Number of protein chains: 2
Amino acid sequence: MFLIVVYKDIHFTKIIYNFLERDLYMPKLTIKEIAKIAGVSPSAVSIVLNNRTGVSEQTRQKILDIVEKLQYTPNPNSRRLLFNKTNNIAVLFRKNASPLEHFFYSDLNRIILHEFESRGYNLIFTSVTINENNVLLPNVIKSYDVDGIIFYGDVEPLILSSIRRFDIPFVVVDNHLPVHDILSVSADYAEAAYTATNYLIDLGHKDIGYIGTSSQAHFNAQTFSGFKKAVEEHEIVLPINWIQIEADDENSAYNCMKNILNYGKVPTAVFCSADIYAIGAMRCIKDHGLKIPDDISVIGIDDIILSQYTDPPLTTVKIDKVSMGKLAIDMLVKKIEKTETTITSAKVTSNNIVERATTKAKV
Amino acid sequence: MFLIVVYKDIHFTKIIYNFLERDLYMPKLTIKEIAKIAGVSPSAVSIVLNNRTGVSEQTRQKILDIVEKLQYTPNPNSRRLLFNKTNNIAVLFRKNASPLEHFFYSDLNRIILHEFESRGYNLIFTSVTINENNVLLPNVIKSYDVDGIIFYGDVEPLILSSIRRFDIPFVVVDNHLPVHDILSVSADYAEAAYTATNYLIDLGHKDIGYIGTSSQAHFNAQTFSGFKKAVEEHEIVLPINWIQIEADDENSAYNCMKNILNYGKVPTAVFCSADIYAIGAMRCIKDHGLKIPDDISVIGIDDIILSQYTDPPLTTVKIDKVSMGKLAIDMLVKKIEKTETTITSAKVTSNNIVERATTKAKV
DNA sequence: TGCACTGCAGTAATCGATTACTAAATGCTT
DNA sequence: AAGCATTTAGTAATCGATTACTGCAGTGCA
């Protein structure tokens, strides 16, 4: 512990430095200390550390040796102040986001953490709150403590405009709302719905229920258009009662399924616009004494981690969160580092069926 | 966009400031700009912002007005440099941590995010890697870019000693390995196992299987001792084949259950030292044509989010991650802010049975 | 031997906020 | 009205790293 004090003295530091063992306690060092120990000026040390020219090979080696031995790292705050670059990225959530979002974004978190880390950025997880039309942004943003922002999910216009005022590069991932002039990566949920519905139709199903949401109207518009397209292409006619759009979570999806089952005729398959709806629907189907997939096939969208653990495991259309994440990171980093300034939005194709056990050919 | 330039000129800034509307683009400001606009010195602004005395009420109001209108926030990097305090906390993971950890720690993440944010700390998520006995710590730690570290799960001695060298306050949450002189919060898994086993015994079960792990030996030692205590207190004798400790994930737990079922006599209940093992065991039981809970009762430990979605929903002993998180945060913040220096380790009691549908009284 | 030029080391200003210290201005008393 | 005390305003140093610039030593050429 006493080493901190000792290091202040040039004579002792030289001695200590020679004896320094790897497991010793490691004091904070400054560029001046390193310079003193090496017997050079701070600028020489800086030149070596930043791979610039202007020092002899001899001093370069001496400095590198000492830096390596003492494991010196420049104070990041000093550099941040000087260069006006933080190397921080904010990962922004809505504060009251449902716990379920963890299912959706756990893959995304992992890939983002890994990618940004390998590019030398720190990831700061933080949240926005809205109360009474007032957007409460976190301090990291208000004080320009980040170089970029990555936002998950639906970004309301109110949040959008407050973030925009700070002129910090930001990208929105998996947003369903219409946005302009913004970096955004989303999945093609219309395609996903189309793929899922066609999959059911190809299995011979003609009586298909639809469970979607009205709380996310733009999302539902996408999934419904995909569903409708597939159904129409095969000239299938469905009773309006089989179209349920009041799902919001597992329980409301349960009720949607109930409405479908309580209508006179029972469909042979159900399309759910999200896996979590499918889970609710499955519970309802079981409670009605029907068998999955023998009596009713069920398909979802997303492929959240839960889906492989349901009984039976859920067939679904995978939304490729990893690709979305990688695309988003690329766009954001390019914007930050000004490699490219073109504002773009990307859409990840979503036609990858994960065949599990909730679907079956109609006999 | 042109405002940035304009702000550099004192004359225009005064005009602009009057016209500034809330939705305008917001340029980065310095304390000098604010001082210029207010017609005072930077020190006066600083005094007002830090609630110190030394300015007249009149200037204080004027400054506060301008600060509020322009939404000025001091440059955090400047303050960090001066005070040598980052207000950052590192949340440290093992890089190769299994995706399953997301189930365990999603609650913890949420509570930690909320608590630290309200205390004015930023949360930086980051990871350690070990390759060939070399510990690779993230740069945020190596460059002292955090005031504290919070570590999830088992902390190997190697990681422990490398972190320790930096002398950054840190706390370990949910660690099963023995540690000394370290802030640590863990759950009492012996108590959890004891509670779970007693619950089964109280339901009339005398033939109980045990599924534990050998990959986390210290964890297993805890759960097994709790299990053993309950069994011995009721003078129950079990065949050794029912004691399986080769579980590591869902699939290995499946095999453990298979071993138990393949032994001549079939138990009426199974204790699993983690919910994820219980999920594997349940799949095995179903595959053998047995009914849960009618033929075999199953109980786990943890109460991960998955557990409420299994079929039937899993009865388990809840590990209170939220309390663990709150305790850990408290200890860490106290250490950082030197309110208290006593090194302590806390253990959260774990005797809270979550009764769901995988257990049933023996007939 | 002297002059020009190259290569290297060191000095000082900078980034923005804070604060100890100094200077100025005000109020109060006799 | 002069002198003292007290409040308020302003100056400059500081945190650590970087870099433009200055200065010095050494080499080569005439």
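All values below come from the heavy atoms of this structure, side chains included, with hydrogens, waters and symmetry mates left out. Computed from a predicted structure; not experimentally measured.
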Enquirer: So does A/Leu158 get a backbone contact from the side chain of A/Ser162, meaning a donor-acceptor N/O pair under 3.5 Å?
Expert: yes
Enquirer: Between P on D/dA17 and CG on A/Leu49, what's the gap in Å once rounded to a whole number?
Expert: 9 Å
Enquirer: Considering heavy-atom distances to DNA chain D, does B/Leu82 or B/Glu57 have its closest nucleotide positioned more toward the 5' end?
Expert: B/Glu57
Enquirer: Looking for any heavy atom pair under 4.0 Å, which part of the strands does B/Asn50 touch: base, sugar-phosphate only, or nothing?
Expert: sugar-phosphate
Enquirer: Under 30°, 30 to 60°, or over 60°: which ring-plane class applies to A/Phe125 and B/Phe125, parallel, tilted or perpendicular?
Expert: tilted
Enquirer: Under the 3.5 Å rule, do the base of C/dG10 and the side chain of A/Ser43 count as making a donor-acceptor pair?
Expert: yes
Enquirer: Quick one: A/Leu81 CG to D/dT14 C1', roughly how many Å, whole number?
Expert: 12 Å
Enquirer: Check whether any side-chain nitrogen or oxygen of A/Ser78 sits under 4.0 Å from OP1 or OP2 of C/dC15, and answer yes or no.
Expert: no
Enquirer: On DNA chain D, nearest-nucleotide positions of B/Pro42 versus B/Asn84: which is more 5'?
Expert: B/Pro42
Enquirer: With a 4.0 Å cut-off on heavy atoms, is A/Ser46 in touch with a base, just the backbone sugar-phosphate, or nothing at all?
Expert: base
Enquirer: Which nucleotide in the list D/dA9, C/dT11, D/dA17 gets nearest to the side chain of B/Ser56?
Expert: D/dA9
Enquirer: Looking across every strand, which nucleic acid part, if any, lies under 4.0 Å from B/Arg52 by heavy atom: base, sugar-phosphate, or nothing?
Expert: base
Enquirer: What is the nucleic acid contact for B/Val45, judged by heavy atoms within less than 4.0 Å: base, sugar-phosphate only, or nothing?
Expert: nothing
Enquirer: Are the side chains of A/Phe170 and A/Lys335 in touch, meaning some heavy atoms are under 4.5 Å apart?
Expert: no
Enquirer: Would you say the side chain of A/Phe151 lies within less than 4.5 Å of the side chain of A/Leu160, judging by non-hydrogen atoms?
Expert: no
Enquirer: Considering only D/dT18, D/dG16, C/dA17, which nucleotide approaches the side chain of A/Thr30 most closely?
Expert: D/dG16
Enquirer: Measure from the side chain of A/Arg79, starting at C-beta and using heavy atoms only, and say which of C/dA9, C/dA17, D/dT18 lies closest.
Expert: D/dT18
Enquirer: Checking side-chain contact (heavy atoms from CB on, under 4.5 Å) between B/Ile163 and each of B/Val128, B/Leu92, B/Ile168, which is the one that passes?
Expert: B/Leu92
Enquirer: Distance check needed: C/dA12 P versus A/Lys32 NZ, whole Å only.
Expert: 12 Å
Enquirer: Do A/Thr59 side-chain atoms and A/Val55 backbone N/O form a donor-acceptor pair below 3.5 Å?
Expert: no
Enquirer: Send over the distance from A/Ile47 CD1 to C/dT11 P, rounded to a whole Å.
Expert: 13 Å
Enquirer: Quick one: bend of the helix from C/dT1-D/dA30 to C/dT30-D/dA1 from 5 pairs per end, to 10°?
Expert: 60°
Enquirer: Given atom CZ of B/Arg60 and atom C1' of D/dT8, what is their separation to the nearest angstrom?
Expert: 12 Å
Enquirer: C/dG7 P sits how many Å from A/Gln58 CD, rounded?
Expert: 17 Å
Enquirer: Would you please confirm or rule out a distance under 4.0 Å between OP1 or OP2 of D/dA17 and any side-chain N or O of A/Tyr72?
Expert: yes
Enquirer: Measure the distance from CG on B/Asn87 to C1' on C/dA17 and round it to the nearest whole Å.
Expert: 15 Å
Enquirer: Quick one: B/Ile31 CD1 to D/dA9 C1', roughly how many Å, whole number?
Expert: 14 Å
Enquirer: How are the rings of A/Tyr152 and A/Tyr105 set relative to one another: parallel (under 30°), tilted (30 to 60°) or perpendicular (over 60°)?
Expert: tilted
Enquirer: Assess whether a salt bridge exists between A/Lys326 and A/Asp330, defined as any Lys/Arg side-chain N lying under 4.0 Å from an Asp/Glu carboxylate O.
Expert: no
